[in-house]
Amino acid sequence: TVGELNGSQLSDGRYVSYWNDHQFTLGGKRYFVAFSEATPESEIEYPAPEDMVTISQATYEFVGDKWKLKTVQHNVGKFGGRNRAPSVNFDQVTVTSHRLASNLIIATPATTSAMLGTQLYFYELFVYSQNDSTWKYLGHVESGYDNSAGCAHEPDSAIKTQCVKSSGILLFPDTENSRWPEIKVV
């Protein structure tokens, strides 16, 4: 269980830090959610790609003229790798879908570095249930990559990797007769 905070370290040894936030309206009510990541206390010098961090959240509802704490969750899901959360990609915008009754899906653009100078782009997906005020991490959808930091820019370069870059924007297009929204990257 999570106890008192000691700076940014929780009593169970994990380190917590802010990851991202989003303000939205659902069912005529205004909300604000702040997501954080909890990194395990580790003495491993080189964490593995599958070593993920735990996502937590605090959701506030605007009542009257002030924000009131609605819910806190310490385990929304796990994401990232090498004991690090992905970085939010502020070059893209967060996309939302209100298609599910009393639910909201948030797609947050993110990025991470891979081997040999490759940058990977994707959207982290979260769903909020207004019925029980809980969040769930759904996973991520890839939206592009860029290997320009590790490719051959000159024809006679010793590096033989061809430069490649792609990027896409996630959309929730309107679809008929579907309970869940369709997800497209264009």
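The first residue in the sequence is number 1, and the count goes up from there.
- Listed here is the closest heavy atom pair of P86 and A110: CB-CB, 4.0 Å.
- Q73 and T71 share no donor-acceptor pair across their side chains, judged by distance under 3.5 Å alone.
- Residues I105 and P181 share a closest heavy-atom pair of CD1-CG, 3.6 Å.
- Between the side chain of T111 and the backbone N or O of L120 there is at least one donor-acceptor pair closer than 3.5 Å.
- Atom CD of E142 sits in a sparse spot, with 12 or fewer heavy atoms from other residues, nucleotides or ligands closer than 6.0 Å.
- With S113 as reference, Q119 is the one residue of R82, R84, Q119 to meet the side-chain hydrogen bond (donor to acceptor under 3.5 Å, both in side chains) rule.
- Here the CG-OG1 distance, from N89 to T108, works out to 11.0 Å after rounding to the nearest 0.5 Å.
- Minimum interatomic distance between F172 and I183 (heavy atoms only, all atoms of both residues): CE2-CG1, 3.6 Å.
- At a threshold of 4.5 Å between non-hydrogen side-chain atoms, the residues K70 and Y60 do not count as touching.
- Remark: Q162 CD is loosely packed, at most 12 non-hydrogen atoms of other residues, nucleotides or ligands lying under 6.0 Å away.
- Across all non-hydrogen atoms, the minimal contact from Q57 to V76 is CG-CG2, 3.6 Å.
- Applying ring pair (Phe, Tyr, Trp, His ring centres under 6.0 Å) to F35 and the options W135, Y128, Y137, F79 leaves one that passes, W135.
- The shortest distance between side-chain heavy atoms of L104 and S97 does not fall below 4.5 Å.
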